[in-house]
Amino acid sequence: CCRPGRNVPTMLLQNWGATPAEVAGPVVGDALVADARLVATRSILLAAPPQAVFPWLVQLGFGRAGWYSYDWIDNLGRRSAMRIVPQWQVLHAGDAVPGGPMDFVAAVVERPTALVLAVHGSGPLLRRVGFTLAFDLRPDGDGTRLVTRVRSRIDLPGGRFVERWLLGPGDGVMVRRQLLNLR
């Protein structure tokens, strides 16, 4: 799947909803996994300004508001929050964000325009995993253009396979649902 020169099909939902400019342009947090092998940009227009959208994102996490996606997969069947929860509104760069099987750290928190979650861990395996999920909130008239970007590089045996055939398609399906639910 990953030999140079081989024609590899586009990843499922790799750039769902994103404009060519959004795909080609920078998104906050890109430098955190600068040598990513998997890059996916997905976008949606929301009918609320960034300051109304950001509180929904800052409360993301397993055991918190959930992920607003398919709850039976990524929240053990517990429904994602349907309201803003005050105790989950405090998040600073460096804070842990529970992710389920892997925890994240809030790598970037810029209210109300940007949130970047990165895989967090210090064990020998997790040091070889680079993964970020960025949310870039861009004002668009009275609404928000929410541009998300996933960047990944897994330098473990089978890492390329996992990125290409498991993480990429699975993430595409989940983030698409997340964006539609946020809308």
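The basis for the numbers below is simple: all heavy atoms, side chains too, and nothing from hydrogens, waters or symmetry mates. Residues take their numbers from the sequence shown, with the count starting at 1.
- Leu180 and Leu137 end up in the same hydrophobic cluster when Ile, Leu, Val, Met, Phe, Trp and Tyr side chains are linked at under 4.5 Å.
- Looking at Arg149 and Asp136, no side-chain N of the basic residue comes within less than 4.0 Å of a carboxylate O on the acidic one, giving no salt bridge.
- Under the rule for a salt bridge (Lys or Arg N to Asp or Glu O under 4.0 Å), Arg151 has no partner lying at least two apart in sequence or in another chain.
- Minimum heavy-atom separation, Gly143 to Pro50: O-CD, 4.0 Å.
- Following chains of ILVMFWY side-chain contacts shorter than 4.5 Å, one cannot reach Val147 starting from Leu57, and the two form parts of different hydrophobic clusters.
- The two residues Phe62 and Gly99 make their nearest non-hydrogen contact at CB-C, 3.7 Å.
- Counting heavy atoms from C-beta outward, Trp16 and Ile44 have side chains that approach closer than 4.5 Å.
- Linking ILVMFWY side-chain heavy atoms closer than 4.5 Å, directly or via other members, places Val97 and Trp88 in two distinct hydrophobic clusters.
- Legend: residues meeting side-chain contact (heavy atoms from CB on, under 4.5 Å) with Gln51, ordered by chain and number and at least two apart, are Pro49, Pro112.
- Proximity of a side-chain donor or acceptor of Asp30 to a complementary backbone N or O of Pro26 within less than 3.5 Å is not detected.
- Remark: the Thr41 side chain and the Glu22 side chain contain no N/O donor-acceptor pair separated by less than 3.5 Å.
- Residue-environment remark: CG (Asp35) exceeds the threshold of 12 foreign heavy atoms within 6.0 Å.
- When all heavy atoms of Val33 and Phe131 are compared, the closest pair comes out as CG2-N, 3.8 Å.
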Assess whether side chain to side chain contact (heavy atoms under 4.5 Å, CB included) is satisfied between Arg145 and Thr19, documenting all intermediate values. CA-CA 11 Å; Arg145 185 73 178 162; Thr19 67; 3.9 Å; yes
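- For the side chain to side chain contact (heavy atoms under 4.5 Å, CB included) with Arg138, the qualifying choice from Val27, Thr144, Leu146 is Val27, the only one to do so.
- Residues Val23 and Val28 are members of separate hydrophobic clusters, defined by side-chain heavy-atom contacts under 4.5 angstrom among Ile, Leu, Val, Met, Phe, Trp and Tyr.
- No single ILVMFWY cluster, assembled from side-chain heavy atoms under 4.5 Å apart, contains both Phe135 and Val116.
- Listed for the Gln89 side chain is a donor-acceptor partner under 3.5 Å among the backbone atoms of Pro55.
- A donor-acceptor contact shorter than 3.5 Å links the side chain of Arg42 to the backbone of Leu13.
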